[in-house]
Amino acid sequence: MAGQKIAVIVGPTACGKTDASIRLAEALDAEIISADSIQVYRLLDIGSAKPTADQRRRVVHHMVDVVDLGDRGFSVARYRQSAQTCIDSVRKTGKLPLIVGGTGLYIHALTQPLALGSVPPDEGLRMELVLKERNDPGCLHRMLGELDPASALRLHPNDQKRVIRALEVCMASGKPLSAYGSDFQNAAGNEPPNDAVMIGIAIPRELLYERINARVDQMMEAGFLDEVKTLLKRGYDPSLPAFQGIGYRQLLDHLDGRLTMGEAMEEIKRETRRFAKRQITWFKRDARIRWFNACDYPSSEEMHREMLEYLKFRLYEDINDGCLS
RNA sequence: GCCUCGGUAGCUCAGCUGGUAGAGCAAGGGACUGAAAAUCCCUGUGUCGGUGGUUCAACUCCACUCUGAGGCA
């Protein structure tokens, strides 16, 4: 059932995923499904490092520009819903779905049996809980200790976002969040939504950081600041979740007078480096990923060729086996 | 040439009158199930410029030396 498999390419920001994905998509007759939590938003173009118009002409990209910038309700669950629809429709055309992105949770949503879909967020309740916590620090975590001891044990009292979510699930469904599972490696062996062949791009930290710094400079030259100014002029609220994206936050702070341009630039670079570190932490514990280190190859073309070979082998190994027997 | 003040973590610096070091930032490690580019947790990484000396014991005192800044000639 080779046709049932999907290919996935991951890696930290600025590692060269986009270039690699274009090459591989063309060679494998694939369409790309982005797994990037910022590129889903329309109008966030420069700062989210979206694929260029030319790249998007060469290969069909899904899950880019699919959410209104003003939408405050986008989530992993909605991502999985839409992305899975894309995967299925790409398959129907006989092409290969190629997932490309750096948002670990989104990749997980497509390749691991995450229990999503039961309890939608309840903004009213969340606000109420935030107020409660403000009046009585620590009360939420204690409350969780009563309702869902396993989750309370797992979550740090300061991780308010997750504590609130865990409470939300308990209160809405009467079932503790821990009952839905939290098994990163899927040791339980539940059926994943897709059978994925995964590859990752690794780069020595120092080199990656150089690339990040250079890319931030390029973004500024490409008119990042004007992009943000235009969005403000159009009336988009700086508090939108989409504006939590690195770069947007800092430039909004600069336009608001809270940061000088120099400080904003420095902070964007630093935050992007830290983000890359978190991505690396996430992906390196995923044993399914076959890593390709950019330094092991004389050129990126050479690396792309090796990736292609590996993907072809793994994607069609069942057919290969069939031929042998 | 002389005088003064510096040289301690990647950076900026603290370290009473001797008991082999500690802050901030940077950095590193980790977590992650409906905000995930979000959110949260943990961690000091060091030939204290070098060489000798005094001392039970030197980042600390002494001598010499290398080096940076300033001042006087």
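First the proteins, then the strands, lettered A, B, ... as listed; each starts at 1. Hydrogens, waters and symmetry mates play no part in the numbers below; they use all other heavy atoms, side chains included.
When every heavy atom of A/Asn293 is checked against every heavy atom of A/Ile203, the shortest pair comes out as OD1-CA, 4.3 Å. Here the closest non-hydrogen pair linking A/Lys132 and A/Cys139 is O-SG, 3.7 Å.
Between A/Trp282 atom CH2 and B/C40 atom C1' there is a gap of 13 Å when expressed in whole angstrom units. Between the C1' atom of B/C41 and the CG atom of A/Leu155 lies a distance of 11 Å, rounded to the nearest Å. For A/Ile164 and B/C40, the CD1 to P distance is 12 Å, given to the nearest whole Å. Taking atom CD1 on A/Ile280 and atom C1' on B/G30, their separation rounds to 14 Å, with Å as the unit. Here B/A38 presents its C1' atom at 16 Å from CD of A/Gln39, a figure rounded to the nearest Å. A/Arg274 has its CZ atom 14 Å from the C1' atom of B/C41, to the nearest Å. Note: CG (A/Leu177) to P (B/U33) measures 7 Å, nearest angstrom. Atoms CD1 (A/Ile107) and P (B/U33) sit 17 Å apart, rounded to a whole Å.
The phosphate of B/G34 (OP1 or OP2) has no side-chain N or O of A/Lys161 nearer than 4.0 angstrom. Between A/Arg126 and B/G34, a side-chain N or O to OP1/OP2 separation shorter than 4.0 Å is absent. Contact between the side-chain N/O atoms of A/Tyr106 and the OP1/OP2 oxygens of B/A36 is found at a separation under 4.0 Å. The phosphate of B/U33 has OP1 or OP2 within less than 4.0 Å of a side-chain N or O from A/Arg154. Residue A/Tyr41 places none of its side-chain N or O atoms closer than 4.0 Å to OP1 or OP2 of B/A35. Dashed line: the shortest gap from a side-chain N or O of A/Ser75 to OP1 or OP2 of B/A35 is not under 4.0 Å. Dashed line: the shortest gap from a side-chain N or O of A/Asn158 to OP1 or OP2 of B/C41 is under 4.0 Å. At B/C41, none of the side-chain N or O atoms of A/Arg278 fall inside 4.0 Å of OP1 or OP2 (strictly under the cut-off). At least one side-chain nitrogen or oxygen of A/Arg165 sits closer than 4.0 Å to the OP1 or OP2 atom of B/G34.
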| request: Carefully, step by step, assess A/Phe275 and A/Gln279 under the rule side chain to side chain contact (heavy atoms under 4.5 Å, CB included). | output: CA-CA 6 Å; A/Phe275 169 50; A/Gln279 289 177 300; 3.1 Å; yes
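When heavy atoms are screened at a 4.0 angstrom cut-off, A/Thr272 is found touching no nucleic acid atom at all. Here A/Gly73 lies out of heavy-atom contact (under 4.0 Å) with every strand. The residue A/Pro241 sits apart from the nucleic acid: no heavy atom pair falls under 4.0 Å. At a threshold of 4.0 angstrom between heavy atoms, the contacts of A/Phe243 with the nucleic acid are absent. Heavy atoms of A/Lys284 sit under 4.0 angstrom from primed sugar atoms or phosphate atoms, though from no base atom. Looking at heavy-atom distances under 4.0 Å, A/Phe74 makes contact with sugar-phosphate atoms alone, never a base.
Comparing B/C25 with B/U45, their C1' atoms are spaced 15 Å from each other, to the whole Å. Between B/G19 and B/A31, the distance separating the two C1' atoms is 41 Å to the nearest Å. Using atom P as the reference point in both B/G44 and B/A23, the two lie 9 Å apart (nearest Å). Straight-line distance between the C1' atoms of B/G6 and B/G49: roughly 12 Å, to the nearest whole Å. B/C48 and B/U20 are spaced 10 Å apart, taking the C1' atom of each and rounding to whole Å.
A/Leu311 pairs with exactly one of A/Val8, A/Ile9, A/Leu28 by the side chain to side chain contact (heavy atoms under 4.5 Å, CB included) rule, that one being A/Leu28.
Across all strands shown, B/C40 forms a Watson-Crick or G-U wobble pair, both distances under 3.5 Å, with B/G30. B/C25 is paired with B/G10 under the Watson-Crick or G-U wobble criterion, all donor-acceptor distances under 3.5 Å. The nucleotide B/G18 finds no pairing partner, because no Watson-Crick or G-U wobble arrangement with both distances shorter than 3.5 Å includes it. For B/A63, the paired nucleotide is B/U51, the pair qualifying as Watson-Crick or G-U wobble because both relevant distances are below 3.5 Å. In this structure, B/A69 forms a base pair with B/U4, meeting either the Watson-Crick or the G-U wobble geometry with both donor-acceptor distances under 3.5 Å.
Judged by distance alone, the side chains of A/Thr13 and A/Arg215 do bring a donor and an acceptor atom under 3.5 Å apart. For the residue pair A/Arg288 / A/Thr111, a side-chain donor-acceptor distance below 3.5 Å is found, with atom types taken as modelled. Residues A/Ser239 and A/Asp237 bring a donor and an acceptor atom of their side chains to less than 3.5 Å of each other.
Positionally, the nearest nucleotide of RNA chain B for A/Arg270 lies more toward the 5' end than for the other of A/Arg270 and A/Asp159.
With salt bridges taken as basic N to acidic carboxylate O contacts below 4.0 Å, none links A/Asp65 and A/Arg42.
With hydrogens and angles ignored, a donor-acceptor pair closer than 3.5 Å exists between the side chain of A/Arg162 and the base of B/A36.
Nearest to the side-chain atoms of A/Thr281 among the listed nucleotides B/A38, B/U33, B/A31 stands B/A31.
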